[in-house]
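Values in this document were obtained by computation on a predicted structure and should not be read as measured data.
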Amino acid sequence: MKYRELENTLKNKGVKLVAVSKTKPPQAVSALYEKGQRVFGENRAQELLEKQELLPEDIEWHMIGHLQRNKVKALLPDVSMIQSVDSPRLYRQIVKDAEGLEKKIQILLQVKIAEEPSKYGFQTQALKEFLRSEPWQSNSNIRICGLMGMASFVEDSVQVRREFRSLKTLFDELKADVFSQYGDFSTLSMGMSGDYDLAIEEGSNMVRIGSLLFGERD
Ligand SMILES: *Cc1c(COP(=O)(O)O)cnc(C)c1O
């Protein structure tokens, strides 16, 4: 799809586009940057760092893949948002490594919504318990900006819709309750090349799109 067309459609709906450049060369990022795109997503810390170094400073880099705790420290200076915070241990590592940083790190809590087995993400109940017990309000360099989820990779749009809807329901519940006094909690990241239209219908305001923009990956 043409970038311009997608970008316009999303802008009209108030949806932020994260262009997922994983496995694609820096030139592919540059080409989209020239058209005005500033937000890019990567799923491996090393690849994000390598591209960040080569590309313009004003790119906003989002980490969207599972992150090992021993990679956090190196990643923090160059990342603006970590969308894949999928466990209390990773959260605490980010808090610890962000101490003394001269910027705020935005994070999204990743929730397991796929009915098919998936490895990463909080279960809904575990996330609620975490937010009740963790002193996340205390002053730190971390901003909890919302939730991220991935639907099952299936043709069944009824199922995909149901999964997205469950994340929207949880998002609304947390926003009204746990985060009611906390203005940063406003992002619901769901939807990829194959299902972003469904995700937006179900309330997404951030989509992560790779193959539709850059072509299929090998
Ligand atoms: C690869 C990836 C995407 C983009 O997938 P496409 O189907 O190529 O749009 C989105 N989110 C995550 C977490 C990914 O790993």
For [Y], does its backbone N or O pair with a side-chain atom of [X] as donor and acceptor, under 3.5 Å?
X: E163; Y: S152; answer: yes
X: K73; Y: K96; answer: no
X: R38; Y: Y33; answer: yes
X: S87; Y: L90; answer: yes
X: N205; Y: L188; answer: yes
X: D172; Y: T169; answer: no
X: D97; Y: V72; answer: no
X: R4; Y: K35; answer: yes

CA sep, side-chain torsions, deciding dist, call: K13, T9, side chain to side chain contact (heavy atoms under 4.5 Å, CB included): CA-CA 7 Å; K13 296 180 183 205; T9 308; 4.0 Å; yes

Report yes or no: do [X] and [Y] belong to one cluster of Ile/Leu/Val/Met/Phe/Trp/Tyr joined by side chain heavy-atom distances under 4.5 Å?
X: V29; Y: V39; value: no
X: I94; Y: I64; value: no
X: M148; Y: L10; value: no
X: Y91; Y: M63; value: yes
X: I105; Y: M206; value: no

For atom [atom1] of [X], decide whether the heavy atoms of other residues, nucleotides or ligands shown that lie under 6.0 angstrom number more than 12.
X: K104; atom1: NZ; result: yes
X: K103; atom1: NZ; result: yes
X: E155; atom1: CD; result: no

R44 and E47: CA distance, side-chain angles, deciding distance, salt bridge (charged side-chain N to carboxylate O under 4.0 Å, His left out) verdict: CA-CA 5 Å; R44 292 178 47 237; E47 193 173 338; 3.3 Å; yes

Please give me the minimum heavy-atom distance between [X] and [Y], naming the atom from each residue.
X: G146; Y: F171; answer: CA-CE1, 4.4 Å
X: G100; Y: N141; answer: N-ND2, 3.9 Å
X: S166; Y: I113; answer: OG-CG2, 3.8 Å
X: F214; Y: S21; answer: CE1-CA, 3.8 Å
X: P26; Y: L54; answer: CG-CD1, 3.7 Å
X: L213; Y: I209; answer: CD1-O, 3.6 Å

Do [X] and [Y] have a side chain donor and acceptor closer than 3.5 Å?
X: S140; Y: E99; result: no
X: H66; Y: Q68; result: no
X: Y120; Y: Q110; result: no

Plane angle bin for F179 and F185 - parallel if under 30°, tilted between 30 and 60°, otherwise perpendicular: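 If you compare the ring of F185 with that of F179, the planes turn out parallel.
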
Parallel, tilted or perpendicular: rings of W136 and Y182 (30°, 60°):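 Aromatic pair Y182/W136 classed perpendicular.
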
Stepwise side chain to side chain contact (heavy atoms under 4.5 Å, CB included) check, S180 with V178: CA-CA 6 Å; S180 61; V178 181; over 6 Å; no

The single option from K51, K22, Q52 passing side chain to side chain donor-acceptor pair (under 3.5 Å) against E42: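 Between E42 and the candidates, side chain to side chain donor-acceptor pair (under 3.5 Å) is satisfied uniquely by K51.
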
Side chain to side chain contact (heavy atoms under 4.5 Å, CB included) between L167 and L147, worked out: CA-CA 8 Å; L167 190 60; L147 303 180; 3.9 Å; yes

Flag side-chain contact, heavy atom, 4.5 Å: [X] against [Y]:
X: R217; Y: K24; result: yes
X: M81; Y: E60; result: no
X: L49; Y: E53; result: no
X: L32; Y: F40; result: yes
X: N43; Y: T23; result: no

Audit row: R208, H62, side chain to side chain contact (heavy atoms under 4.5 Å, CB included) steps and yes/no: CA-CA 10 Å; R208 310 175 309 273; H62 288 206; over 6 Å; no

D184 side, atom CG; I144 side, atom CD1 - distance, nearest 0.5 Å: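 Spacing of CG (D184) from CD1 (I144) equals 9.5 Å.
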
Distance (rounded to the nearest 0.5 Å) between S189 OG and K16 NZ: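 These two atoms lie 10.5 Å from each other.
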
R165 and E202: CA distance, side-chain angles, deciding distance, salt bridge (charged side-chain N to carboxylate O under 4.0 Å, His left out) verdict: CA-CA 6 Å; R165 192 166 297 171; E202 295 300 332; 2.8 Å; yes

